[in-house]
Peer 1: 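Pasting a structure here, questions to come.
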2 protein chains.
Amino acid sequence: MDRMSASTSDRPVSRRRETTQRRLFEAAVALISEQGYEATTVDEIAGRAGVAKGTVYYNFGGKSELYTALMEWGVTRLADTLKGALPPSGSGTAPGEALTAVLRAGVEFIGEHESLARLLMAEAWRTNRAWYATVLQIRTEAIGVITGLLDELTADGSLPPDLDTGLAGSALFGMVVTVALDWRTLRPDRPVEEVHMALARMVEGLVGPVASTGGTSTRDF
Amino acid sequence: MDRMSASTSDRPVSRRRETTQRRLFEAAVALISEQGYEATTVDEIAGRAGVAKGTVYYNFGGKSELYTALMEWGVTRLADTLKGALPPSGSGTAPGEALTAVLRAGVEFIGEHESLARLLMAEAWRTNRAWYATVLQIRTEAIGVITGLLDELTADGSLPPDLDTGLAGSALFGMVVTVALDWRTLRPDRPVEEVHMALARMVEGLVGPVASTGGTSTRDF
DNA sequence: GTTTTTGAACTGACCAGTCAGTGCAAAACT
DNA sequence: AGTTTTGCACTGACTGGTCAGTTCAAAAAC
């Protein structure tokens, strides 16, 4: 049977290793989101992941490398989710619909990956750290999806042409994250739909009573 | 809590001590906002404040007590600023105006106390820390000002009666903080007015057609 | 003369990072 | 088949540095 690597120096990262790394990610996210990076020890992370301390160093090289890898792992998941929520451009969806869809995806993502979201938000405002670049990349990528959408909407006249889409994108981003995390913190019992609905109604005001090209004019709730 | 003691030395805290403490606060805010709490040493703080290490222990008892006191000092300043921006209730100001004024105060506060804002945001999402209660209090107090205002506006019919003011308040809060910190981080050269203007325009759309007495709302774009 | 600050030395806990050693499953060889 | 070798993945006791917190005598400020 075909071995997966015919060539010798290929590094496919064995299945075993992959599992270990995922466990370490999960343990690290949980602990660091609650306590912060500095307050979380490598021993704790290893312990929670059910591996020995040395394994962390074997797999990642060090605490900060683990953390960086963890955040990159996080970005990928978030960016993929948001991009996946974008309807194919050019399809006949109503102007505001794509925006609402992306925001919903954001809310759902935070609901499902709460710890990761907390961790990223807590780290997002420190300008001095080694991994600031990584954090910035996350923000840029996530906000970029929203901003890009706003650009499209201003281009086709659904939004005022002089809208500062960069600022608006960051505003919407902050809005979604804050609302979603407050929801998880203070009223976790509320269903996602309710939260998303309330958010969508607010945003609807932004996109405005747009001359929607036919379709249900958002009154079916 | 702290009223201006114009006359007395009732306070056990001498003027000299007060100065020392304020210097320590300022040094601690600057360092911790950049590096984080655990990564900042007492020696650093004392050094930056131009004070001996022993003085920290004489004045506060320890690092964590200094930090707690610092955050309480921060709350007071923020809450005072926001409340100070509220026009006297019952005065004949236009419905949306009070809201805009509070948001402007928020933006300005962050512009002037950037480090403090960063520090508070970084702590805001960690649920497991000793001083989480203090942080929560800050958020509640700040968001409370906004939410209270929204309640008034829904009561007098300026906003839809079924608006979830709690959620909307937290949305606006997150929006302001995110925009303001992004501004300081990425485009610090922009004048406050510009940022505030862009925000105000969005809020006008977001919160919905505020039936203002002759405002510029809701034309469709 | 009391309060506050200084400065420097010391302690002990805590923790990131190291490394010699273990286990084990799949090759390589007989 | 059975035996040996290889090297990946992991282990955990240990090391060396760091830092919060202590102490205190003496100076400075009030």
Side-chain angles (χ1 to χ4, degrees), chain A residues 1-28 30-32 34-71 128-131, chain B residues 5 7-28 31-32 34-71 128-131:
Chain A
M1 220 175 290
D2 268 287
R3 271 304 72 123
M4 51 178 92
S5 58
S7 61
T8 44
S9 51
D10 217 12
R11 307 225 116 242
V13 180
S14 70
R15 172 154 288 110
R16 189 180 175 201
R17 231 181 137 164
E18 207 177 323
T19 308
T20 306
Q21 296 188 350
R22 217 201 40 255
R23 281 166 128 220
L24 280 170
F25 280 155
E26 278 156 12
L31 289 167
I32 297 179
E34 284 179 356
Q35 306 176 331
Y37 173 79
E38 322 279 352
T40 303
T41 68
V42 175
D43 283 297
E44 266 181 306
I45 297 173
R48 175 149 182 165
V51 299
K53 188 181 193 177
T55 305
V56 172
Y57 290 88
Y58 179 77
N59 276 277
F60 295 101
K63 188 187 183 185
S64 71
E65 289 93 331
L66 162 62
Y67 193 46
T68 305
L70 164 59
M71 286 193 290
N128 235 20
R129 314 201 118 193
W131 45 75
Chain B
S5 54
S7 54
T8 44
S9 51
D10 286 313
R11 288 267 150 199
V13 181
S14 69
R15 169 157 291 111
R16 189 174 170 214
R17 240 183 128 162
E18 209 176 320
T19 308
T20 305
Q21 296 187 349
R22 217 202 39 254
R23 280 164 132 226
L24 281 169
F25 281 154
E26 276 155 13
L31 289 167
I32 297 178
E34 284 178 357
Q35 306 176 330
Y37 173 78
E38 356 276 328
T40 303
T41 68
V42 174
D43 285 298
E44 267 181 306
I45 297 173
R48 176 149 181 164
V51 138
K53 187 181 185 181
T55 305
V56 173
Y57 291 88
Y58 179 79
N59 276 276
F60 294 102
K63 188 188 184 185
S64 71
E65 288 93 330
L66 162 62
Y67 194 45
T68 305
L70 162 60
M71 286 193 289
N128 236 19
R129 312 202 118 197
W131 42 75

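Just so it is clear: chains get the letters A, B, ... in the order the sequence lines come, proteins before strands, and each one is counted from 1.
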Peer 1: I'd like to compare against my own output: the B/S/- annotation of nucleotides 23-30 of chain D with a strict under-4.0 Å heavy-atom distance to protein.
Peer 2: ------SS

Peer 1: dA25(C) C1' sits how many Å from R17(A) CZ, rounded?
Peer 2: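 Taking CZ of R17(A) and C1' of dA25(C), I get 17 Å after rounding.
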
Peer 1: Would you mind reading off the distance between E18(A) atom CD and dC8(D) atom C1', rounded to a whole angstrom?
Peer 2: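 It works out to 16 Å between those atoms.
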
Peer 1: Test your reading of the model: is there a side-chain donor-acceptor pair from K63(B) to the backbone of Y37(B), 3.5 Å cut-off?
Peer 2: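 The answer is yes, because a donor-acceptor pair under 3.5 Å joins these two groups.
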
Peer 1: Tell me, which pairs form a salt bridge (Lys or Arg N to Asp or Glu O under 4.0 Å) where one or both residues lie in residues 50-59 of chain B, sequence neighbours left out?
Peer 2: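 Listed by first then second residue: D43(B)-K53(B).
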
Peer 1: Kindly state which residues belonging to residues 59-70 of chain A come within less than 4.0 angstrom of DNA chain D, counting heavy atoms of the residue only, listed by number.
Peer 2: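 Within this stretch, N59(A) sit under 4.0 Å of the strand.
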
Peer 1: In residues 46-53 of chain A, which ones come under 4.0 Å of DNA chain D, going by heavy atoms?
Peer 2: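 Correct list: V51(A), A52(A).
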
Peer 1: Say you draw a straight line from OH of Y58(B) to CZ of R17(B); how long is it, rounded to the nearest 0.5 Å?
Peer 2: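 Those atoms lie 5.0 Å apart.
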
Peer 1: Closer than 4.0 Å, any side-chain N/O of T55(A) to the OP1 or OP2 of dA9(D)?
Peer 2: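 So the side chain of T55(A) is outside the cut-off, no N or O lying under 4.0 Å from OP1 or OP2 of dA9(D).
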
Peer 1: Of all residues at least two apart in sequence or in a different chain, which pass the side-chain contact (heavy atoms from CB on, under 4.5 Å) check with F25(A)?
Peer 2: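 Listed in chain order: F60(A), L66(A), A69(A), L70(A), W73(A).
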
Peer 1: Restricting to side-chain contact (heavy atoms from CB on, under 4.5 Å), what partner residues turn up for E34(A), sequence neighbours left out?
Peer 2: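 For E34(A) the side-chain contact (heavy atoms from CB on, under 4.5 Å) partners, ignoring immediate neighbours, are T127(B), N128(B).
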
Peer 1: Starting at atom CZ of R23(B), determine the distance to atom C1' of dT4(C), rounded to an integer number of angstrom.
Peer 2: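 Result: 14 Å.
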
Peer 1: Please tell me if T20(B) has a side-chain N or O lying less than 4.0 Å from either OP1 or OP2 of dT5(C).
Peer 2: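 Affirmative; the distance criterion is met.
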
Peer 1: Can you list everything that forms a side-chain contact (heavy atoms from CB on, under 4.5 Å) with E44(A)? Sequence neighbours excluded, please.
Peer 2: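 L31(A), Q35(A), T40(A), T41(A).
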
Peer 1: For R22(B) and E26(B), run salt bridge (Lys or Arg N to Asp or Glu O under 4.0 Å): C-alpha distance rounded to whole Å, both residues' side-chain angles, the deciding distance at 0.1 Å, then the answer.
Peer 2: CA-CA 6 Å; R22(B) 217 202 39 254; E26(B) 276 155 13; 3.5 Å; yes

Peer 1: Over how many whole Å does the gap from E38(A) atom CD to dC14(C) atom P extend?
Peer 2: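 Taking CD of E38(A) and P of dC14(C), I get 18 Å after rounding.
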
Peer 1: Starting at CG of D43(A) and ending at P of dA16(C), how long is that distance when rounded to a whole Å?
Peer 2: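 Going from CG in D43(A) over to P in dA16(C) covers 7 Å.
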
Peer 1: Between Y58(B) and dT4(C), is there a side-chain N or O to OP1/OP2 distance below 4.0 Å?
Peer 2: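 Yes, within the criterion.
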
Peer 1: Could you work out, with side-chain contact (heavy atoms from CB on, under 4.5 Å) as the rule, every residue matching T55(B), not counting sequence neighbours?
Peer 2: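 Counting only residues at least two positions away or on another chain, T55(B) forms a side-chain contact (heavy atoms from CB on, under 4.5 Å) with T20(B), V51(B), A52(B), N59(B).
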
Peer 1: What does T40(A) touch in the nucleic acid at a heavy-atom separation under 4.0 angstrom: a base, only the sugar-phosphate, or nothing?
Peer 2: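 Touches sugar-phosphate only.
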
Peer 1: My understanding is that only residues two or more places apart in sequence, or in another chain, count here; which of them pass side-chain hydrogen bond (donor to acceptor under 3.5 Å, both in side chains) with E65(A)?
Peer 2: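 Residues passing side-chain hydrogen bond (donor to acceptor under 3.5 Å, both in side chains) with E65(A): none at all.
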
Peer 1: Check R23(B) against A49(B) and note the closest heavy-atom contact, atom names and distance.
Peer 2: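 In this case the closest contact between R23(B) and A49(B) is NH1-O, 3.1 Å.
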
Peer 1: Apply side-chain hydrogen bond (donor to acceptor under 3.5 Å, both in side chains) to R48(A) and list each qualifying residue two or more places apart in sequence or on a separate chain.
Peer 2: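 Result, side-chain hydrogen bond (donor to acceptor under 3.5 Å, both in side chains) vs R48(A): none returned.
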
